[in-house]
A.B. asks: 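The structure that follows is given in the form of structure tokens.
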Amino acid sequence: MVLDNQFQRYVRQISVPEIAERGQERLLSSHVLVIGCGGLGTAASLYLAGAGIGRLVIADQDIVELSNLPRQIAYRQDDVGASKVTALRQQLLARNDDVSIRTVKTFLSGAQLKLEVSLADIVIDCSDNLPTRHAINQACYETKTNLVSGAAIGWNGQLTVFGFASQPSAPCYRCLYPFDDLSAPIDCSSSGVVGPVVGMIGVYSALEAIKIASGRVQSITPTIKMFDGFNGHWQSLKLQHDPECRVCASGQKEHVS
């Protein structure tokens with residue numbers, strides 16, 4: 001049930017027919033895990049808190065650095081040296097104290113990662129390295145938890161939604177990147193990134209999570225949305241199963257049989 005003060009806060013969102021009051025109720029009862037509180041995670045979290053996601057868990061082991069500020073828009077100069085999740089939580093609660101926010105100040109892996117993923121309705125992967133992305137993907141696939149995966153580097157960004165909760169036989173992130181590591185590191189520190197590109201993908205991640213959490217997305221066909229920030233172009237490609245995928249190939253065979 002949407003309370004009177006909540007209705008006043010979310011009235012513009014409730015007025016959208018595809019969300020309405022029932023969709024807002026779903027948002028208020030939803031649980032989203034955001035892994036990585038950098039440029040992607042801060043942008044996504046601000047909009048998730050604004051939308052009224054009931055429970056947010058934000059996970060990151062890093063501290064705020066001066067070089068983070070141009071693109072990690074939730075942080076302020078006074079936050080430099082502070083824990084990212086602590087600083088981000090303060091900003092999110094200042095934006096909307098109607099949201100329950102729990103922080104995880106450690107690197108999520110192994111059993112702890114799988115537990116946190118299993119508790120969530122949706123996971124937003126805002127991590128910055130391939131091994132972590134593969135671990136998150138596997139945990140989401142095994143627990144049938146919806147996954148929104150975004151990335152940005154230079155002028156370019158990409159986003160993919162994996163609806164494991166409704167389509168357990170859908171292709172997964174490893175189908176897209178079947179290798180375990182890159183031949184050369186590709187991250188913000190080595191390759192650079194333009195701040196608004198990160199913001200675009202972070203906000204898009206929040207949008208996709210809101211669509212799922214509000215109950216308006218019944219099935220998802222995984223596609224790769226690629227953004228060219230330099231030329232202002234979007235491209236969408238359908239994601240296909242890798243028949244040799246070590247994560248989801250067996251599930252696909254069971255579905256076909």
A.B. asks: In sequence, state the C-alpha distance, the side-chain angles, and the governing distance for V32 and I124, and then conclude on side chain to side chain contact (heavy atoms under 4.5 Å, CB included).
C.D. replies: CA-CA 7 Å; V32 177; I124 302 185; 4.1 Å; yes
A.B. asks: What pair of heavy atoms forms the shortest contact from T160 to F162, and how long is it?
C.D. replies: CG2-CZ, 3.4 Å
A.B. asks: Can you tell me which residue pairs pass the ring-ring contact (aromatic ring centres under 6.0 Å, His included) test with a partner in residues 195-214, sequence neighbours excluded?
C.D. replies: Y204-W234
A.B. asks: Decide yes or no for I136 and V123: does some side-chain heavy atom of the first lie under 4.5 Å from some side-chain heavy atom of the second?
C.D. replies: yes
A.B. asks: Which atom names give the shortest non-hydrogen contact between V198 and G39, and what distance separates them?
C.D. replies: CG1-C, 3.2 Å
A.B. asks: Check whether the side chains of Y10 and N96 place a donor and an acceptor atom closer than 3.5 Å, and report yes or no.
C.D. replies: yes
A.B. asks: Taking A82's backbone N and O only, do any of them form a donor-acceptor pair with D79's side chain (distance below 3.5 Å, no angle check)?
C.D. replies: no
A.B. asks: Spell out, yes or no, whether V197 and V203 are grouped together once hydrophobic residues are joined by side-chain heavy atoms under 4.5 Å, including indirect joins.
C.D. replies: no
A.B. asks: Is there a side chain to side chain contact (heavy atoms under 4.5 Å, CB included) between Q24 and Q13 once you walk through the steps?
C.D. replies: CA-CA 8 Å; Q24 188 62 52; Q13 191 163 269; 2.7 Å; yes
A.B. asks: Can you see which heavy atom on I201 is nearest to which on A152, and at what distance?
C.D. replies: CG1-CB, 4.4 Å
A.B. asks: Given side chains that start at C-beta, do those of C126 and S205 come closer than 4.5 Å, heavy atoms only?
C.D. replies: no
A.B. asks: Got a second to check how far I35's CD1 is from D125's CG, nearest 0.5 Å?
C.D. replies: 6.0 Å
A.B. asks: Kindly give the heavy-atom pair with the smallest separation between A249 and E244, and that separation in Å.
C.D. replies: CB-C, 4.2 Å
A.B. asks: Measure from NZ or CZ of K144 to the centre of the six-membered ring of Y141 and say whether it is under 6.0 Å with the direction within 45° of the ring axis.
C.D. replies: yes
A.B. asks: Any side-chain heavy atom of T145 within less than 4.5 Å of one from I122?
C.D. replies: no
A.B. asks: Drop me the distance from D242's CG to L176's CG, to the nearest 0.5 angstrom.
C.D. replies: 10.5 Å
A.B. asks: Rounded to the nearest 0.5 Å, what's the gap from OG on S100 to CG on L28? Could you check?
C.D. replies: 12.0 Å
A.B. asks: Is F107 reachable from V64 through a run of I, L, V, M, F, W or Y residues, each pair having side-chain heavy atoms under 4.5 Å apart?
C.D. replies: no
A.B. asks: Any side-chain heavy atom of H134 within less than 4.5 Å of one from R174?
C.D. replies: yes
A.B. asks: Between S67 and P70, what is the shortest heavy-atom contact and its length?
C.D. replies: O-CD, 3.4 Å
A.B. asks: Test side chain to side chain contact (heavy atoms under 4.5 Å, CB included) on Q112 and T106 and set out the steps.
C.D. replies: CA-CA 10 Å; Q112 186 181 10; T106 60; 3.7 Å; yes
A.B. asks: Looking at OG of S127 and CG of L40, how far apart are the two atoms once the value is rounded to the nearest 0.5 Å?
C.D. replies: 9.0 Å
A.B. asks: Applying side-chain contact (heavy atoms from CB on, under 4.5 Å), can you list everything that pairs with V57, at least two apart in sequence or on another chain?
C.D. replies: H31, L33, R102, V104, E116
A.B. asks: Are a donor atom and an acceptor atom from the side chains of Q138 and K114 found within less than 3.5 Å of each other?
C.D. replies: no
A.B. asks: Measure the spacing between CD1 of I212 and OG of S166 and express it to the nearest 0.5 Å.
C.D. replies: 8.0 Å
A.B. asks: Say whether V247 and L239 are linked into one hydrophobic cluster, either directly or through other cluster members, by side-chain heavy-atom distances under 4.5 angstrom.
C.D. replies: yes
A.B. asks: In the structure I gave you, are the side-chain heavy atoms of F179 and L130 within less than 4.5 Å of one another anywhere?
C.D. replies: yes
A.B. asks: Sort and list the pairs that fulfil side-chain hydrogen bond (donor to acceptor under 3.5 Å, both in side chains) and have at least one residue in residues 41-66, not counting sequence neighbours.
C.D. replies: none
A.B. asks: Side chains of L48 and I210: does their closest heavy-atom pair fall under 4.5 Å?
C.D. replies: yes
A.B. asks: In the single-linkage hydrophobic clustering (I, L, V, M, F, W, Y; side-chain heavy atoms under 4.5 Å), do L119 and F164 co-cluster?
C.D. replies: no
A.B. asks: Carefully, step by step, assess L92 and L56 under the rule side chain to side chain contact (heavy atoms under 4.5 Å, CB included).
C.D. replies: CA-CA 10 Å; L92 296 177; L56 271 176; 4.3 Å; yes
A.B. asks: Can you measure from OH (Y173) to CG (L147) and round to the nearest 0.5 angstrom?
C.D. replies: 9.5 Å
A.B. asks: Which residues pass the side-chain contact (heavy atoms from CB on, under 4.5 Å) test with S83, sequence neighbours left out?
C.D. replies: V85, T86, K105
A.B. asks: Considering residues at least two apart in sequence or located in another chain, which fulfil the side-chain contact (heavy atoms from CB on, under 4.5 Å) criterion with D228?
C.D. replies: N156, F230, N231, H233
A.B. asks: Do any N or O atoms from the side chain of R133 and from the backbone of G150 form a donor-acceptor pair under 3.5 angstrom?
C.D. replies: yes
A.B. asks: Do Q235 and I224 touch side chain to side chain, with heavy atoms closer than 4.5 Å?
C.D. replies: no
A.B. asks: Does the side chain of L69 come within less than 4.5 Å of Q77's, by heavy atoms?
C.D. replies: yes
A.B. asks: Test: salt bridge (charged side-chain N to carboxylate O under 4.0 Å, His left out). Region: residues 3-28. Which pairs qualify, not counting sequence neighbours?
C.D. replies: R22-E25
A.B. asks: Return the minimal non-hydrogen interatomic distance between Q6 and M1, and the atom names on each side.
C.D. replies: OE1-O, 3.9 Å
A.B. asks: Indicate if V11 and L3 have the same hydrophobic cluster label, given that clusters are the connected sets of ILVMFWY residues with side-chain heavy-atom separations under 4.5 angstrom.
C.D. replies: no
